[in-house]
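Take a look at the structure set out below.
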Amino acid sequence: MNDNSKMVRLARRGLVLVLSSPSGAGKSTLAGRLLQDDKDISMSVSATTRPPRPGEVDGREYFFIDQKRFDQMVKANEFIEWATVFGNGYGTPRKAVEDWLSAGKDVLLDIDWQGTQQVMSQIGDDLVRVFILPPSAEELHERLIKRAQDPASVVAKRMAEASNEISHWPEYDYIVINDDVDRCETEIRAILQAERLRRNRRVGLPEFVKNMLEGL
Ligand code: 5GP
């Protein structure tokens, strides 16, 4: 039996885990799974000017806003990053991310390469960048068609954009290939677990070791 009274839980700084991939590589599924049984990580809900897809709920998948409101938020520096993707504005609201980080929680961002570059310049060491690759071009095409939530013209545009997104893979710390969603999930959890254990994030460590050494 575990003796929980002996468990040591040290204070640590929160990190920002970025997941990027071309559309259709399974990123949303993986993000959903990661959040399921992990209370220490929260998903940031982006604002977008694109219309909701069937089943999407305002404030859950995105905050659906018009261009005027989006421009206001950009001007007021309310986004930690923002970009135009497929002709629509997408941005990560700054406040929620900063509040979670200062509470020592991790934040999951599902953003594209442009946003990742901007967050990198602001957050630096506290950023962990993961890129999800599809197993092949054919598989990606099939997944985009199967999803069938977008009209055919949008699918074609997304396929063309995929090669642009994929070309940014060297800007990421970790690359996972989503040929098996269970294994991919395990790999991303392992990345998160290891990154949480990095010495420089464990702000409670110096005091912990100091006390230990005093007791020796
Ligand atoms: P979708 O419209 O399919 O939900 O998302 C399209 C693309 O926009 C995805 O690659 C997604 O990662 C990206 N995206 C979603 N939210 C944001 C955001 O807040 N900022 C940036 N830069 N990209 C985003």
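Each ligand, and each atom within it, is numbered from 1 in the order the structure gives.
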Element-labelled atoms of ligand 1 that are located less than 4.0 Å from some non-hydrogen atom of A83: 22 (N)
Residue R198 excluded, over 12 heavy atoms near CZ under 6.0 Å: no
Heavy-atom gap E165 to ligand 1 smaller than 4.0 Å: no
For K27, atoms of ligand 1 separated by under 4.0 Å from a heavy atom: 9 (C), 10 (O), 11 (C), 12 (O)
Atom 2 (O) of ligand 1: nearest protein contact (heavy atom, Å): Y90 OH, 2.5 Å
Atom 1 (P) of ligand 1: the protein heavy-atom neighbour that sits closest, reported with distance to 0.1 Å: Y62 OH, 3.4 Å
Aromatic ring proximity F70/F79, centre distance under 6.0 Å: yes
Region of D110 engaging ligand 1 - heavy atom pairs below 4.0 Å: both
Which of the ligand 1 atoms, numbered from 1, are nearer than 4.0 Å to a heavy atom of F86: 6 (C)
Numbering as shown, the atoms of ligand 1 that approach G91 to under 4.0 Å (heavy-atom distance): 18 (C), 19 (O)
R158 versus S23, side-chain donor and acceptor atoms under 3.5 Å: yes
Mode of E81 contact toward ligand 1 - side chain, backbone, both, neither (heavy atoms, under 4.0 Å): side chain
Distance from atom 13 (C) of ligand 1 to nearest protein heavy atom, with residue and atom: D112 N, 4.0 Å
Enumerated ligand 1 atoms positioned under 4.0 Å from heavy atoms of R50: 1 (P), 2 (O), 4 (O)
Parallel, tilted or perpendicular: rings of W113 and H168 (30°, 60°): parallel
Numbering as shown, the atoms of ligand 1 that approach G115 to under 4.0 Å (heavy-atom distance): 22 (N)
